Amino acid sequence: MGLTLPAGRIARAASSLLVALAFVLPASTSAQKTGALAPELVVPFGPGGGADTLGRATAKMLAGALGEPVQVSNVPGATGRQGIGKLIAAPADGRTLAVLTADTFTLQAYANPQWKLGDVIPLGVMMKQPSALFLPSNSRFKNWGEFEKEARLHPGTLRVAITGLGSPDYLTLQQLAAKGIKLVPVPLANPEERYRAPFEGKADALYEQPGDIARLLAAQQLRPVLAFNAARLPSLPEVPSSQELGFGQGFDQFRAIVVRAGTDPARVKVLSDSLEKVAGSPEYRQFLKDAGAAQASYVPARDVGVFLQSRLEALKRVVDALPFHARYLYDEGQPEVYVQQF
């Protein structure tokens, strides 16, 4: 069964209309009264994916906590480097924030990340999600065993749609390659394009978080065949985990909110306290449940440094084991920008 593409086109058209309206509608009364521009939350990936969903949900609730509107800007490109670059180039006044995903954070483990972790101040980890490998329902492979056998017999012929080069998706494929399962990464930063890839002949499989493609799973258009985790996922009890098959546990997805380094500590506290309030709300807990994320996702600002450092050390061990040339990154094109205000 293929994707219903007309619905996808309708969704993109609706998104384009929202984008256009965001540019032409007047600023909110609150912003007009203060004379200040609305705080901006930069999402370093395109509309429609998990980072975008997290960004919009957080912006809506953060606006309530701050008492002023929050504008969301999608700035995709280079596995999130374009969006983080926009944050770092902005004034350190705490009016620009960004979503920092595990995809973009992983770039810190490479030899040329082009930005430093010290360039940002983490305000809190808002979401943690496991990842898995999915096949289209009409795939000739019925399970992971068949897919693995083909990959071993014909190395470099099976393609996997991933978020971007250098991402946890990419590193997980490198770990599989080290075990003799050589798959071709197909970086597709646009979420909808990535989700369609297995149905349009651009990829044979999809690496994604189950919660981000819940609608495709519910419609039985995609089938999970391997969970990248230490144990089987409660939501996918019939799907083997990478750890039980001897491939390591892979890397889960996380999404944090950060602000530029140099921001006034008082402003940082206001923002981090507001995010803590958001994370503790029933509305946000329901959002995590609907997104298939861990209920214990939230990591407060005071603990984020330890969390990120531990993750970075694990990532560096994997990158350092790659061939020398594979420890470097390169750009993937120019960014596009989409804006909407909440």
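Note that the structure is predicted; figures quoted are calculated from it, not measured.
- Atom NZ of K202 sits about 6.5 Å away from atom CG of L188, to the nearest 0.5 Å.
- Here Q286 pairs with K289, D290 under the side chain to side chain contact (heavy atoms under 4.5 Å, CB included) rule; sequence neighbours left out.
- Evaluation of the ring-ring contact (aromatic ring centres under 6.0 Å, His included) test over residues 260-290, restricted to residues two or more places apart or in two chains, returns Y284-F287.
- For the side-chain contact (heavy atoms from CB on, under 4.5 Å) test with L54, the passing option among V99, L288, T101 is V99; the others fail.
- Checked against side-chain hydrogen bond (donor to acceptor under 3.5 Å, both in side chains), R255 has the following partners two or more places apart in sequence or in another chain: Q129, Q209, D212.
- Between the side chain of S297 and the backbone N or O of K128, at least one donor-acceptor pair lies under 3.5 Å.
- A ring-ring contact (aromatic ring centres under 6.0 Å, His included) check over residues 148-191, counting only residues at least two apart or in different chains, returns nothing.
- What you find for A203 and V160 is that their closest heavy atoms are CB-C, 4.3 Å.
- Rounding to the nearest 0.5 angstrom, the gap separating the CG atom in L315 from the CD atom in Q108 is 10.0 Å.
- Not one N or O on the side chain of S137 forms a donor-acceptor pair closer than 3.5 Å with the backbone of L222.
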> Where do Y195 and E208 land on the side-chain contact (heavy atoms from CB on, under 4.5 Å) test, with the steps shown first?
Replying inline: CA-CA 9 Å; Y195 302 160; E208 195 55 66; 3.3 Å; yes
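- Checked for salt-bridge contact, K142 and E146 miss the test: no charged N lies under 4.0 Å from a carboxylate O.
- Side-chain contact check for E193 versus E200: every heavy-atom pair is 4.5 Å or farther apart.
- Heavy atoms only, all atoms of each residue included: P122 and L308 are closest at CG-CD1, 3.7 Å.
- Taken from CG in L245 to CG in L226, the straight-line distance is 6.0 Å, to the nearest 0.5 Å.
- Partners of P300 according to the side chain to side chain contact (heavy atoms under 4.5 Å, CB included) rule, which considers only residues two or more places apart in sequence or in another chain, are Y298, R302, D303.
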>> Determine whether D252 and R311 satisfy the following criterion, salt bridge (Lys or Arg N to Asp or Glu O under 4.0 Å), listing intermediate values before the conclusion.
In response: CA-CA 10 Å; D252 64 350; R311 176 65 64 95; 2.4 Å; yes
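- For the pair N74/F45, no side-chain contact is recorded, criterion being any heavy-atom separation below 4.5 Å from C-beta on.
- Between the side chains of E40 and S73, at least one donor N or O lies within less than 3.5 Å of an accepting N or O.
- Counting heavy atoms from C-beta outward, V186 and I162 have side chains that stay 4.5 Å or more apart.
- Going from atom CG of L123 over to atom NZ of K269 covers 12.5 Å, rounded to the nearest 0.5 Å.
- Within the 3.5 Å criterion, the main-chain N or O of L135 finds no donor-acceptor partner in the side chain of S139.
- In plain terms, the two heavy atoms of G46 and P76 that are nearest each other are N-CB, 3.5 Å.
- The heavy-atom pair separating P130 from G292 by the smallest distance is CD-O, 4.2 Å.
- Taking 4.0 Å as the cut-off between side-chain N and carboxylate O, D52 and R56 count as a salt-bridged pair.
- The shortest non-hydrogen separation linking V43 to G55 is CG2-CA, 4.2 Å.
- Taking the charged nitrogens against the carboxylate oxygens, K179 and E148 have no contact shorter than 4.0 Å, which rules out a salt bridge.
- At least one side-chain heavy atom of S281 sits less than 4.5 Å from a side-chain heavy atom of M61.
- Atom-to-atom distance recorded for K277:NZ and L62:CG is 10.5 Å, nearest 0.5 angstrom.
- Contact check for V120 versus W115: side-chain heavy atoms found under the 4.5 Å cut-off.
- Contact of the V75 side chain with the P44 side chain is not registered, since no non-hydrogen atoms from C-beta on lie closer than 4.5 Å.
- Legend: ring-ring contact (aromatic ring centres under 6.0 Å, His included) pairs involving residues 248-283, not counting sequence neighbours, sorted by first then second residue: F105-F254, F254-F307.
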>> Please determine whether side-chain contact (heavy atoms from CB on, under 4.5 Å) holds for the pair T106 and S167, giving the CA-CA distance in whole Å, both sets of side-chain angles, and the decisive distance to 0.1 Å.
In response: CA-CA 6 Å; T106 298; S167 65; 5.8 Å; no
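- A search for side chain to side chain contact (heavy atoms under 4.5 Å, CB included) contacts involving A178 returns nothing, not counting sequence neighbours.
- Evaluation of the salt bridge (charged side-chain N to carboxylate O under 4.0 Å, His left out) test over residues 221-241, restricted to residues two or more places apart or in two chains, returns R232-E244.
- Side-chain atoms of T163 and D169 include a donor-acceptor pair closer than 3.5 Å.
- Scanning all heavy atoms of the two residues, the minimum distance from R81 to L107 falls at CG-CD1, 3.3 Å.
- With sequence neighbours left out, A227 forms a side chain to side chain contact (heavy atoms under 4.5 Å, CB included) with L233, V239.
- Although no hydrogens or angles enter the test, the distance criterion places no donor-acceptor pair under 3.5 Å between the side chain of Q175 and the main chain of G250.
- Residue pairs satisfying the salt bridge (charged side-chain N to carboxylate O under 4.0 Å, His left out) criterion with at least one member in residues 313-326, sequence neighbours excluded, are absent.
- R159 has a carboxylate O that lies under 4.0 Å from a charged side-chain N of D204, or vice versa, which qualifies the two as a salt bridge.
- Not counting sequence neighbours, the partners of Y207 by the ring pair (Phe, Tyr, Trp, His ring centres under 6.0 Å) test are F228.
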Do any side-chain atoms of residues 256-265 form donor-acceptor pairs under 3.5 angstrom with protein atoms, and if so which ones, sequence neighbours left out?
{"unit_1": "R260", "atom_1": "NH1", "unit_2": "A90", "atom_2": "O", "d": "2.3"}
{"unit_1": "T263", "atom_1": "OG1", "unit_2": "R260", "atom_2": "O", "d": "2.6"}
{"unit_1": "D264", "atom_1": "OD1", "unit_2": "A266", "atom_2": "N", "d": "2.9"}

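- Linking ILVMFWY residues whenever their side-chain heavy atoms come closer than 4.5 Å, directly or via other members, leaves L236 and F147 in distinct clusters.
- Summarising the geometry, atom CD1 belonging to I181 is positioned 7.0 Å from atom CG belonging to L183; distances are rounded to the nearest 0.5 Å.
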> E150 and L158: side-chain contact (heavy atoms from CB on, under 4.5 Å), yes or no, with the steps?
Replying inline: CA-CA 8 Å; E150 178 71 10; L158 294 180; 3.8 Å; yes
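- Put simply, the side chain of R215 does not reach to within 4.5 Å of the side chain of Q221, judged on heavy atoms.
- Looking only at side-chain heavy atoms (C-beta outward), L206 and L133 stay at 4.5 Å or farther from each other.
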>> Go through it in stages, so that I can follow the logic: the residues are L97 and L87, the test is side-chain contact (heavy atoms from CB on, under 4.5 Å), and I'd like the CA-CA distance, side-chain angles, deciding distance and then a yes or no.
In response: CA-CA 7 Å; L97 302 84; L87 169 68; 5.6 Å; no
